[in-house]
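Please read the structure below before turning to the comments.
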Amino acid sequence: MSELSIAMKTGLLTSNVRNLSQGIADIGTAGKLGVMTSSLQEFLNGRANISMASKLGLMTSDLQLLLNTIGKQGAIGLIFGLLMKK
């Protein structure tokens, strides 16, 4: 799937898709998710927070366990999945 296809499916700009695929949170992606950029970046860096836990319907401690298991690439994939679902 190309960046353009992913951008169209997620409603992001291609620059947002590129940033997210590199583990960089930006205001466009965070805005689409309805969270602060800092919360998204923390999540991508492997630290659970209440904002992202709420988005996923999990307790923060459960989200941290998940992040510990899936790592950075898994966290990025999870965000892409959330955005494509919307």
Side-chain angles (χ1 to χ4, degrees):
M1 193 176 261
S2 71
E3 277 183 2
L4 183 57
S5 297
I6 294 169
M8 291 174 64
K9 181 84 173 155
T10 59
L12 297 173
L13 300 173
T14 54
S15 59
N16 301 129
V17 171
R18 198 170 308 115
N19 283 341
L20 181 56
S21 67
Q22 296 172 2
I24 301 167
D26 59 36
I27 195 158
T29 305
K32 265 298 183 202
L33 288 169
V35 298
M36 293 177 57
T37 306
S38 58
S39 295
L40 178 56
Q41 190 63 59
E42 279 183 26
F43 176 81
L44 294 173
N45 290 341
R47 290 185 307 274
N49 57 67
I50 190 74
S51 183
M52 291 303 300
S54 175
K55 282 289 162 195
L56 294 165
L58 297 171
M59 292 176 47
T60 306
S61 58
D62 292 333
L63 179 56
Q64 188 61 59
L65 288 172
L66 177 63
L67 286 171
N68 293 345
T69 302
I70 65 174
K72 187 174 193 107
Q73 294 301 314
I76 292 167
L78 187 56
I79 297 302
F80 274 121
L82 280 176
L83 291 167
M84 287 184 184
K85 183 180 172 191
K86 287 188 173 204

First locate atom [atom1] of [X], then atom [atom2] of [Y], and finally report the distance between them rounded to the nearest 0.5 Å.
X	Y	atom1	atom2	answer
Leu13	Asp26	CG	CG	8.5 Å
Leu82	Thr10	CG	OG1	11.5 Å
Asn19	Ile27	CG	CD1	12.5 Å
Glu3	Thr14	CD	OG1	6.0 Å
Leu40	Ile24	CG	CD1	11.5 Å
Leu20	Gln22	CG	CD	10.0 Å

Self-check item: Nearest non-hydrogen partners of Asn49 and Phe43, listed with the distance
Solution: ND2-N, 4.0 Å
Quiz item: Where do Val35 and Lys55 come nearest, in terms of heavy atoms and distance?
Solution: CG1-CG, 3.7 Å
Any sub-3.5 Å donor-acceptor pair from [X]'s side-chain atoms to [Y]'s backbone N or O?
X	Y	result
Gln41	Gly23	yes
Gln64	Ala48	yes
Ser21	Arg18	yes

Quiz item: Leu83 versus Lys32: any side-chain heavy-atom pair under 4.5 Å?
Solution: yes
Self-check item: Check: Thr60 and Met52 side chains under 4.5 Å, non-hydrogen atoms
Solution: no
Under 4.5 Å between side-chain heavy atoms, hopping through other hydrophobics if needed: is there a path connecting [X] to [Y]?
X	Y	value
Leu67	Met36	no
Ile70	Ile79	yes
Ile50	Leu58	no

Quiz item: Is atom CE of Met84 surrounded by more than 12 heavy atoms (other residues, nucleotides or ligands) closer than 6.0 Å?
Solution: yes
Quiz item: Is the number of heavy atoms from other residues, nucleotides or ligands within 6.0 Å of CG (Leu56) greater than 12?
Solution: yes
Quiz item: Between Ser54 and Ser51, does any side-chain donor sit less than 3.5 Å from a side-chain acceptor?
Solution: no
